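One structure is given below, encoded as structure tokens.
These numbers were taken from a predicted model, which means no experiment stands behind them.
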Amino acid sequence: MAHDASHSSPADRIARARIAARVAGLDALLITPGADLRYLTGYEALPLERLTCLAVPVEGEPFLVVPLLEQPAAEASPVGALDLEIVAWRETEDPYALLASRLPSGTKRIGLDNHMFAEKVLGFRSALPGVEQALAGGVLGELRMRKGAAEVAALLEAAQAIDKVHSAMEEWLRPGRTEREVGRDIADAIIASGHTRVDFVIVASGPNGASPHAEVSDRVIQPGEPVVVDIGGTMPSGYCSDSTRNYCVGRPPERYETLYEVLLHAQKEQCDAVAPGITAEQLDAVGRDLIAKAGYGDYFIHRTGHGIGLETHEEPYIVAGSPLPLEAGMAFSIEPGIYLPGEYGARIEDIAVCTEEGGERLNLTSRELRILAG
Ligand code: ZN
Ligand code: ZN
């Protein structure tokens with residue numbers, strides 16, 4: 001089901017979004033530039049102050065409102081190949097009123113994309129008085145979290161690119177260098193590996209590793225310190241990479257090695273447990289229980305993972321309290337971590353895809369602690 005071709009064509013995606021909007025009790029979806037727009041139309045528009053907005057009424061035909069000066073760019077994008085009317089507005093026109101006038105009469109409830117600028121949300125509120133505004137994220141998230149074969153292939157390509165960067169880590173990660181210096185080299189390598197954008201670079205040495213979202217600092221990396229390296233970027237396809245590995249320049253502390261074995265085992269068990277039908281919370285518990293049994297329960301302070309696609313963080317979230325059963329085509333990170341405040345931390349992260357048969361990891365570099373020569 002997840003790998004059928006119907007997920008791959010934007011034309012089908014708009015049709016599916018319209019059905020999902022109807023089910024959600026919405027009369028129309030309004031989607032401004034961002035991952036949702038790119039998913040539905042292939043159009044990678046910049047989120048600027050002028051209004052660009054895809055309208056998908058439940059009754060009636062979808063249309064794309066664009067500033068007149070953006071019309072050539074929209075037509076040159078994959079939108080040109082879609083049967084989608086482009087409605088261009090002139091610099092002195094009110095684009096909100098223009099869009100509102102084209103929505104079917106009787107529109108009572110509209111779904112706005114979750115990342116719409118507040119100024120646009122309020123623009124629609126004024127142009128559509130009495131129309132209830134709701135988030136479209138649930139509707140779009142439901143569609144986007146079930147990936148087709150072409151999307152899984154794009155995620156694999158992204159994973160292979162970021163794997164290349166991890167494989168060459170010894171070129172940059174050395175004691176005596178600061179996290180920031182190492183991070184700069186890694187960012188260059190992320191681009192050289194085929195990404196068009198660096199989304200984040202975390203080089204967290206020693207005690208900084210105990211903070212899951214530490215980025216880089218001017219701290220000088222010391223011999224024998226564990227270093228958490230979590231990196232990701234966006235490929236020309238729009239799909240993202242995200243992978244964490246752990247390094248140590250010289251011998252790590254003995255207690256760290258014990259902790260690392262626990263984490264390695266938990267992450268492997270979680271990857272092995274991926275299969276259609278297991279729920280997000282069950283998958284989370286597979287790793288959490290093992291880590292708790294080893295005495296580190298209080299130090300695994302975040303969810304197991306997040307979905308990934310056109311955004312680094314999207315549905316489905318692998319988290320306690322989510323009864324969502326996994327399905328073939330869902331892609332997400334598995335990234336348990338153990339963080340000892342003031343000492344160090346470790347996190348192992350792979351992107352996994354749920355398949356008909358079970359699960360598949362897209363990141364394939366070794367997950368063992370990599371000891372680099374000092
Ligand atoms: Zn990550
Ligand atoms: Zn992640």
Side-chain angles (χ1 to χ4, degrees), residues 166 169 173 179 183 200-217 219 221-232 242-274 278-308 312-313 316-322 332-352 361 363 365-372:
H166 272 300
M169 198 56 62
L173 186 55
E179 294 174 353
F200 54 90
V201 174
I202 295 175
V203 180
S205 62
N208 288 352
S211 165
H213 278 176
E215 291 191 61
V216 293
S217 74
R219 189 173 187 282
I221 299 165
Q222 303 299 317
E225 276 185 346
V227 184
V228 181
V229 179
D230 184 354
I231 51 179
D242 185 4
S243 177
T244 310
R245 294 293 184 259
N246 301 270
Y247 301 88
C248 194
V249 272
R251 277 227 73 76
E254 205 170 299
R255 281 182 60 223
Y256 177 85
E257 288 185 298
T258 312
L259 169 161
Y260 198 83
E261 284 308 310
V262 171
L263 183 64
L264 190 62
H265 176 60
Q267 202 263 358
K268 180 182 187 306
E269 290 297 311
Q270 285 186 297
C271 289
D272 289 350
V274 174
I278 187 172
T279 65
E281 62 189 352
Q282 285 167 344
L283 185 55
D284 181 80
V286 167
R288 201 166 299 279
D289 292 350
L290 286 168
I291 289 171
K293 245 179 236 150
Y296 297 107
D298 290 342
Y299 306 103
F300 178 14
I301 54 178
H302 55 70
R303 64 193 175 207
T304 287
H306 51 83
I308 187 167
T312 310
H313 286 192
Y317 294 97
I318 309 303
V319 61
S322 170
F332 43 84
S333 69
I334 295 188
E335 49 176 310
I338 301 175
Y339 309 93
L340 302 187
E343 291 187 70
Y344 36 65
R347 175 168 66 261
I348 304 173
E349 175 179 28
D350 292 312
I351 303 306
R361 299 203 234 201
N363 298 102
T365 57
S366 168
R367 293 150 203 108
E368 302 280 338
L369 175 66
R370 252 178 80 197
I371 312 279
L372 305 177

| How many angstroms lie between NE2 in H306 and CG in D242, if you round to the nearest 0.5 Å? | 4.0 Å

| said: Determine whether the aromatic ring centres of residues H213 and F200 are separated by less than 6.0 angstrom. | reply: no

| task | Among E368, Q270, E335, R367, find the one that has a side chain to side chain contact (heavy atoms under 4.5 Å, CB included) with I348. | result | R367

| message | Is there a side-chain contact between R219 and P207 in this structure, where contact means two heavy atoms from C-beta onward sitting under 4.5 Å apart? | response | yes

| note | Looking only at heavy atoms, the pair that brings G321 and E281 closest together is N-OE1, 3.1 Å

| field | Heavy-atom donor-acceptor pair, E179 side chain to A204 backbone, under 3.5 Å | value | no

| message | To the closest 0.5 Å, what do you measure between CG (L283) and CD1 (I318)? | response | 5.5 Å

| Which residue pairs satisfy the side chain to side chain donor-acceptor pair (under 3.5 Å) criterion with at least one member in residues 286-301, sequence neighbours excluded? | D284-R288

| query | Which atom pair, heavy atoms only, marks the closest approach of G183 to V216? | reply | CA-CG1, 4.3 Å

| message | A side-chain contact here means heavy atoms from C-beta on lying under 4.5 Å apart; do P226 and Y260 qualify? | response | no

| In terms of the angle between their ring planes, are H166 and Y247 parallel, tilted or perpendicular, with boundaries placed at 30° and 60°? | parallel

Show every donor-acceptor pair shorter than 3.5 Å between a side-chain atom in residues 262-269 and any protein atom, with sequence neighbours excluded, or say none if there are none.
| unit_1 | atom_1 | unit_2 | atom_2 | d |
| --- | --- | --- | --- | --- |
| Q267 | OE1 | R361 | NH1 | 2.9 |
| Q267 | NE2 | I334 | O | 3.2 |
| Q267 | NE2 | D350 | OD2 | 2.9 |
| K268 | NZ | D272 | OD2 | 2.7 |

| said: If you compare all heavy atoms of G209 against all heavy atoms of Y339, which two are closest, and at what distance to 0.1 Å? | reply: O-CD2, 3.3 Å

| remark: Taking every heavy atom of I291 against every heavy atom of P336, the minimum-distance pair comes out as CD1-CB, 4.0 Å

| request: Dump the intermediate steps for side chain to side chain contact (heavy atoms under 4.5 Å, CB included) on V201 and V229, then the final yes or no. | output: CA-CA 7 Å; V201 174; V229 179; 5.9 Å; no

| message | If I compare all heavy atoms of S205 with all of I221, which pair ends up nearest, and what's the gap? | response | CB-CG1, 3.9 Å

| Between atom CG of L372 and atom CG of L173, what is the distance when rounded to the nearest 0.5 Å? | 5.5 Å

| field | Distance, nearest 0.5 Å, that separates OH of Y344 from CD1 of I338 | value | 10.5 Å

| said: What's the separation between atom CD1 in I202 and atom CD in E349, rounded to the nearest 0.5 Å? | reply: 8.5 Å

| What distance do R245 atom CZ and M169 atom CE have between them, rounded to the nearest 0.5 Å? | 10.5 Å

| Heavy-atom side-chain contact between L340 and R255 under 4.5 Å | yes

| said: Could you tell me if the side chain of L369 sits less than 4.5 Å from the side chain of I371, heavy atoms only? | reply: yes

| A210 to P341 - nearest heavy-atom pair and separation | CB-CA, 3.9 Å

| query | Where the side chain of R347 meets the backbone of V228, is there a donor-acceptor pair that is under 3.5 Å apart? | reply | no

